2 protein chains.
Amino acid sequence: MTQNSTVTGRASNKSNGKRPPGRPRSEHSRQAILRSTLKLLRQQGFPDLSIEAVAADANVSKATVYRWWPNRGALVADAFLESAEQELQFPHTGSVRSDMSRQMRRLIRVFRSSRGKVVAALLGGGQSDPELLEAFRERFLWPRRRQAYQTLQRGIDRGELPADTDLDLLLDSLYGPIYFRFLIRHDELTEKFADKICGVVLKNCGPA
Amino acid sequence: MTQNSTVTGRASNKSNGKRPPGRPRSEHSRQAILRSTLKLLRQQGFPDLSIEAVAADANVSKATVYRWWPNRGALVADAFLESAEQELQFPHTGSVRSDMSRQMRRLIRVFRSSRGKVVAALLGGGQSDPELLEAFRERFLWPRRRQAYQTLQRGIDRGELPADTDLDLLLDSLYGPIYFRFLIRHDELTEKFADKICGVVLKNCGPA
DNA sequence: TTAAATCCGAGACGTATTGTTTTGAATCTT
DNA sequence: AAGATTCAAAACAATACGTCTCGGATTTAA
């Protein structure tokens, strides 16, 4: 199998720089497929997304989709993750609390946008497809977590946080409520919510 | 339509106590269907659950299932919610913090049990089926929330919490991290986690 | 310039599952 | 006994699946 999707691994070509013979993969088709996947996912949700519909919308043959992605999950994961690769950076304001609250506000903004539906589809589908959930964690969650660690560490260095702070616990306390409201939808998810959470969790950690 | 599922509304019979003519609904079949649904859901997850399999496992005709439940979602919601109706009471220890942490421990225990798979299926499916999510909120979340309000109010009355506490914010801060780890699965969800969250969120609220 | 390799879109194919409908029998009220 | 409603079983059309074949396009290497 020559699966070349980002999910299944194998980023670029074989180690030598030479291009193999034969017609190269159509970058145009690849992007059209990912774009149509996002588009349909915004409308229909994960379970109702059919490969047939994606192929039709992208003006592409079904076989082309099946050639490059082993299943629907890998396709959806690639579509979302490639679109969110360079997003949601952490600011450097000089205060942990405002660094965090500002980034949390950005996340909420994404969740409220049309991209939110895609994230929900990804996490919803992930509840019955471990690979889908793992792709979300590895490609979306952890990269941001690593940045968050650094942000919190700066707070420790500045004395705003105790040196023995449990960083994972703290991050789950900050982001858990956001994901909670986002996924359960029992209460509205406004950007102000970010500040309120920080008020609860980072009470004694410098200025708001 | 004469849908009689608990999800779609209309709990029992028409207001008058008289039984309508005709063969009555088979209570045996109804329970067998719900039981089989739970059983299969524990094994397979929501998207792989077929009505055919449920009917076969319950020794019941497909048409019988379709007659009483409009779709898979309603069936799953009924199956889970009927099974969790009387669960997860709040204790009265005399301290908000330990009242909350003990109930949170119970919730985590449920999430870790075989019933956790059913909840995950419900919430996962709910991401693309609004009715499913609403059923979860109305039949599971809100009843417990109402108990939680009372628990927190007792804490206010005892002076452990400020009188102007934002109860919804506080509850989301306590339970959000649990649902977060449960649904994203980026870190282990142990019962000790409940105590740690309380340590962060209820720092100054009486004994642990 | 030619041959080999790989890709492309279009669409047919058999399979599986869906939700609906029909049939004949069973059960209950009046 | 008559009328209503249920039941299990099975046939049904519709949809999506994943695979395959076809003719043609694009690229490298000989």
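Sequence lines set the chain letters: A, B, ... in the order given, protein chains first and strands last, and positions in each chain run from 1. All values derive from a computational prediction rather than experimental measurement.
- Following rounding to the nearest Å, B:Asp48 (CG) and D:dC17 (P) show an atom-to-atom distance of 14 Å.
- Nearest nucleotide to the side chain of A:Glu52, out of D:dC17, C:dG9, C:dC7: D:dC17.
- Contact between the side-chain N/O atoms of A:Arg67 and the OP1/OP2 oxygens of C:dC7 is found at a separation under 4.0 Å.
- Ranking C:dA10, D:dA8, D:dA11 by closeness to the B:Lys62 side chain, first place goes to D:dA11.
- Comparing C:dG9, D:dC7, D:dA8 by their closest approach to the side chain of B:Val60 singles out D:dA8.
- Between C:dC7, D:dT26, C:dT20, one nucleotide has an atom nearer to the side chain of A:Pro24 than all others, and that is D:dT26.
- In the set C:dC8, D:dC7, C:dG19, the nucleotide with an atom closest to the side chain of B:Thr64 is D:dC7.
- Evaluated for a salt bridge (charged side-chain N to carboxylate O under 4.0 Å, His left out) with A:Asp57, the options A:Arg35, A:Lys39, A:Lys62 yield exactly one hit, A:Lys39.
- For B:Ser29 and D:dA8, the shortest distance from a side-chain N or O to OP1 or OP2 is below 4.0 Å.
- Side-chain to base pairing of A:Ser50 with D:dA16: no donor and acceptor N or O lie closer than 3.5 Å to each other.
- For the residue pair A:Asp172 and B:His186, a side-chain donor N or O sits within less than 3.5 Å of a side-chain acceptor on the partner.
- One finds a side-chain N or O of B:Trp68 lying less than 4.0 angstrom from the OP1 or OP2 phosphate oxygen of D:dC7.
- Considering only heavy atoms from C-beta on, A:Tyr149 comes within 4.5 Å of A:Leu171 through its side chain.
- Heavy-atom neighbours of B:Arg102 CZ from other residues, nucleotides or ligands within 6.0 Å: at or below the threshold of 12.
- A:Asn59 comes within contact range of the sugar-phosphate backbone alone, with a heavy-atom separation under 4.0 Å but no base atom that close.
- Considering only the side chain of B:Ile51, C:dG19 comes nearest among C:dG19, D:dT19, D:dT6.
- If you check every strand for non-hydrogen atoms under 4.0 Å, B:Ala63 touches a base.
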